[in-house]
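Data first, discussion second: the structure below is written as structure tokens.
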Number of protein chains: 2
Amino acid sequence: MSRPRKRATVHDIAAAAGVSRGTVSRVLNGGYVSTEARAAIEAAILEVGYVPNNAARTLKMRRSQAVAFVALEPHSLFLDDPNIGSIMLGANAALSLADHQMVSLVVESARDTERVARYLSGGFVDGAIVVSARTRDPIIKVISDLALPAAFVGHPPELSESIPFVGIDNVDSARTITARLAASGRRRIGMIAAALDRDSGIDRLTGFRTALGTAYDSALVADVPHYDYGSGVKGMRLLLEREPELDGVFAASDAIAAGALEVLREAGRSVPGDVGVVGFDDSTWAVRCQPQLSTVHQPAKELGSFAAQLVLRQLQGEQVQTGGQLLPTPIVWRDSA
Amino acid sequence: MSRPRKRATVHDIAAAAGVSRGTVSRVLNGGYVSTEARAAIEAAILEVGYVPNNAARTLKMRRSQAVAFVALEPHSLFLDDPNIGSIMLGANAALSLADHQMVSLVVESARDTERVARYLSGGFVDGAIVVSARTRDPIIKVISDLALPAAFVGHPPELSESIPFVGIDNVDSARTITARLAASGRRRIGMIAAALDRDSGIDRLTGFRTALGTAYDSALVADVPHYDYGSGVKGMRLLLEREPELDGVFAASDAIAAGALEVLREAGRSVPGDVGVVGFDDSTWAVRCQPQLSTVHQPAKELGSFAAQLVLRQLQGEQVQTGGQLLPTPIVWRDSA
DNA sequence: TCCTACTGTGTGCACGTTCACACATCCGTA
DNA sequence: TACGGATGTGTGAACGTGCACACAGTAGGA
């Protein structure tokens with residue numbers, strides 16, 4: 001095994017400056033130090049190339065100044081959902097301001113789950129932000145057992161009591177944009193519903209149904225597994241087959257909407273002329289599409305920074321309200337409907 | 001400040017099981033232990049809910065079993081370059097197999113740079129994988145000064161001596177695909193060159209120039225800052241303005257190519273009929289476009305896992321060849337040229 | 001009987017840090 | 001002169017872990 005080159009410690013500084021460890025510590029952390037001693041120590045620090053050992057500091061202080069960002073299901077997230085990037089950046093910015101380090105952990109397999117659990121337990125982080133947890137993810141139990149200060153992005157229902165979360169109101173957002181689509185004169189409106197094994201998927205469908213009321217027709221709902229482009233293609237084909245007279249589509253995500261647009265183009269339908277299409281997320285997809293998507297803006301960056309705040313406040317001993325917070329989701333009306 | 005609930009230590013286990021700390025340690029790490037003692041200790045571990053303190057272990061062992069994944073320029077990377085996600089997943093998978101934890105650190109601002117430098121120095125990680133370093137990024141100096149086992153994805157020229165890297169041959173890949181575009185009968189071929197402050201950007205331009213030889217015309221190179229969609233739109237407009245007779249375009253990335261396609265569509269040019277377009281990356285953009293892009297496949301996942309291997313091998317004391325390794329980049333010929 | 005090898009257990013120390021405490025000096029004031 | 005406070009410094013202990021070492025008991029062979 002390669003032994004890393006010997007690193008300088010406070011002892012080395014003390015020896016070089018001709019003082020004791022305590023005085024060095026006082027220079028580093030504040031306290032009464034004479035100007036001569038301070039100067040000598042500062043010179044010695046540069047001379048020996050000292051960098052503090054965080055592992056030792058963490059051990060003593062029981063604080064690592066680091067917060068984990070746990071990304072579950074990274075495959076679909078990183079590759080199809082640009083939101084995750086914005087959430088990360090938002091969280092990083094907020095933690096950065098509080099002088100905390102964000103370390104993000106990727107959980108892909110069961111093996112990862114176990115290792116991440118060890119990592120979270122091991123005192124390397126003071127808290128955790130968890131994104132995209134499914135209802136029975138084992139990581140949730142680990143965090144709960146450890147009583148690790150944490151926050152969820154999204155809404156894991158069975159834990160709303162013990163761990164705070166931040167999210168959006170999927171039901172109401174879906175209801176609002178569907179209603180607006182209907183108000184624009186569309187008569188036969190379908191939905192490409194996705195991820196019905198998650199709250200977000202179920203809630204968006206519920207909102208759609210609520211908006212249409214008696215006009216709701218379950219035959220006009222195509223049920224696809226994921227929020228991605230390919231699912232959009234599949235879903236749109238299904239809908240067109242079932243109802244050629246369709247003149248409106250609510251897609252459960254922008255990526256799905258993009259796939260739907262492609263199928264509509266192939267089928268020779270004009271958008272928004274023949275068919276109005278609306279999406280969900282206001283991700284980078286929305287402005288890449290032709291025409292640009294009318295969609296629900298999801299405040300990804302704010303979700304990340306809010307979750308970070310929730311963790312930081314717990315670290316300061318504040319009792320945060322459990323039950324969580326829903327951020328507003330303005331509708332962005334562009335050209336696709 | 002909230003004091004985390006008191007955690008059980010080896011001492012607590014020892015007390016509960018009626019043995020000494022040493023015996024507990026032997027159960028955890030291997031050694032001669034009687035079956036009764038082992039049973040008692042295992043029961044005690046469950047009883048007190050012991051989780052080992054990694055900070056203490058790291059301090060003692062000088063090994064954290066964690067490797068940093070440092071993402072520089074995350075804005076553009078996360079939001080426009082899907083490659084970064086694949087690189088991360090590849091690295092994570094390789095580290096996971098070796099039972100190492102990947103922690104990814106996001107550097108957005110100067111403030112972040114300093115904090116990440118502290119983190120890397122602090123003994124929390126045994127090594128680092130650095131993605132998308134610019135030539136004079138301060139992080140490079142930190143790693144170099146620390147003599148931290150590291151690997152770069154991409155090619156920072158001034159450090160090729162001391163730190164291994166893995167990348168692709170941008171010059172040759174660009175040359176090859178440009179040559180193929182030319183061979184398909186195009187006479188006036190332009191390029192949308194991007195990120196000329198990075199090696200990758202410069203190299204792709206060099207490859208383009210080499211392929212065209214005497215047919216190269218610097219007026220047909222549009223120089224845009226980033227690898228993103230917006231830059232593609234801007235670059236294509238510029239090219240069309242300068243040379244309306246253009247019949248071929250090499251875009252420095254797929255996102256740029258996507259932007260270019262959009263402008264060509266607006267301008268009423270058919271692709272690949274009037275203009276042949278080729279991209280670079282073979283990212284998710286490539287198959288989303290209409291028509292789908294002919295492009296250079298970048299083995300993102302393999303880059304990540306190879307970089308991880310480079311770090312792991314250094315951790316095992318192996319002397320890895322500096323200078324680095326270039327992975328193959330097959331050309332994927334689809335419909336856009 | 002003694003020596004050696006093997007199994008099993010306990011103790012002390014070190015990793016590098018911070019903090020509480022003890023001590024020392026100087027000054028102003030009772 | 002004596003005292004208290006402010007300023008400055010050194011020492012010892014502790015955070016939780018793993019390992020080297022010492023030691024105890026048993027069994028087998030010379």
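Chain letters run A, B, ... following the sequence lines, proteins first, then strands; residues in each count from 1.
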Between [X] and [Y] (side chain of the first, backbone of the second, donor and acceptor by atom type, cut-off under 3.5 Å), is there such a pair?
{"X": "Gln314(B)", "Y": "Ala150(B)", "value": "yes"}
{"X": "Ser96(A)", "Y": "Asp112(B)", "value": "no"}
{"X": "Asp126(A)", "Y": "Arg63(A)", "value": "no"}
{"X": "Glu47(A)", "Y": "Ala16(A)", "value": "no"}

Item to complete: Output yes when Asp12(B) and Arg21(B) qualify as a salt bridge under the 4.0 Å nitrogen-oxygen rule, no when they do not.
Response: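 Not counted as a salt bridge, because no side-chain N and carboxylate O are separated by less than 4.0 Å.
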Worksheet item: Taking only residues two or more places apart in sequence, or in another chain, which ones meet Phe306(B) in a ring pair (Phe, Tyr, Trp, His ring centres under 6.0 Å)?
Response: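 Applying ring pair (Phe, Tyr, Trp, His ring centres under 6.0 Å) to Phe306(B) gives none.
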Roughly, in whole Å, what's the span from [atom1] in [X] to [atom2] in [N]?
{"X": "Leu28(B)", "N": "dG16(D)", "atom1": "CG", "atom2": "P", "value": "15 Å"}
{"X": "Lys60(A)", "N": "dA13(D)", "atom1": "NZ", "atom2": "P", "value": "12 Å"}
{"X": "Phe124(A)", "N": "dC15(D)", "atom1": "CZ", "atom2": "P", "value": "19 Å"}
{"X": "His11(A)", "N": "dT18(C)", "atom1": "NE2", "atom2": "P", "value": "11 Å"}
{"X": "Arg63(A)", "N": "dC15(D)", "atom1": "CZ", "atom2": "C1'", "value": "15 Å"}
{"X": "Arg62(B)", "N": "dG16(D)", "atom1": "CZ", "atom2": "P", "value": "21 Å"}
{"X": "Asn29(B)", "N": "dG16(D)", "atom1": "CG", "atom2": "P", "value": "17 Å"}

Worksheet item: What's the closest nucleotide to the Arg21(A) side chain, out of dT17(C), dT17(D), dC15(C)?
Response: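 The answer is dT17(C), which lies nearest to the side chain.
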Worksheet item: Where along residues 51-59 of chain A does a heavy atom fall under 4.0 Å from DNA chain C?
Response: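 The stretch gives Pro52(A), Asn53(A), Ala56(A), Arg57(A) as the residues lying under 4.0 Å from the strand, ordered by number.
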Practice prompt. Can you sort out the partners of Ala68(A) under side chain to side chain contact (heavy atoms under 4.5 Å, CB included), two or more places apart, ordered by chain and number?
Written response: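 Ala68(A) satisfies side chain to side chain contact (heavy atoms under 4.5 Å, CB included) with Val70(A), Val103(A), Leu105(A), Leu120(A), Val125(A), Ala128(A) once adjacent residues are dropped.
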Practice prompt. Give every residue pair that meets the side chain to side chain donor-acceptor pair (under 3.5 Å) criterion with at least one member in residues 29-44 of chain A, sequence neighbours excluded.
Written response: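 Those involving residues 29-44 of chain A are Ser25(A)-Asn29(A).
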Worksheet item: Is it the case that Glu108(B) and Asn92(A) place a side-chain donor and acceptor less than 3.5 Å from each other?
Response: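 Asn92(A) and Glu108(B) do have a side-chain donor-acceptor pair below 3.5 Å.
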Return the polar atom pairs (N/O with N/O) between nucleotides 7-9 of chain C and the protein under 3.5 Å, or none.
from   : atom 1 : to       : atom 2 : distance (Å)
dT7(C) : OP2    : Tyr32(B) : OH     : 2.7
dT9(C) : OP1    : Ser34(B) : OG     : 2.7
dT9(C) : OP2    : Ser34(B) : N      : 2.8
dT9(C) : OP2    : Ser34(B) : OG     : 3.2

Practice prompt. Give me the one residue out of Val106(B), Val130(B), Ile87(B), Val311(B) that meets side chain to side chain contact (heavy atoms under 4.5 Å, CB included) with Phe69(B).
Written response: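 Single side chain to side chain contact (heavy atoms under 4.5 Å, CB included) partner of Phe69(B) among Val106(B), Val130(B), Ile87(B), Val311(B): Ile87(B).
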Practice prompt. For the helix from dT1(C)-dA30(D) to dA30(C)-dT1(D), measure the angle between the helix axis at one end and the axis at the other, each built from five pairs, rounding to 10°.
Written response: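 The end-segment axes of the helix from dT1(C)-dA30(D) to dA30(C)-dT1(D) are tilted 70° relative to each other.
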Worksheet item: Given side chains that start at C-beta, do those of Gln101(A) and Val116(B) come closer than 4.5 Å, heavy atoms only?
Response: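 Of all side-chain heavy-atom pairs linking Val116(B) with Gln101(A), at least one is under 4.5 Å.
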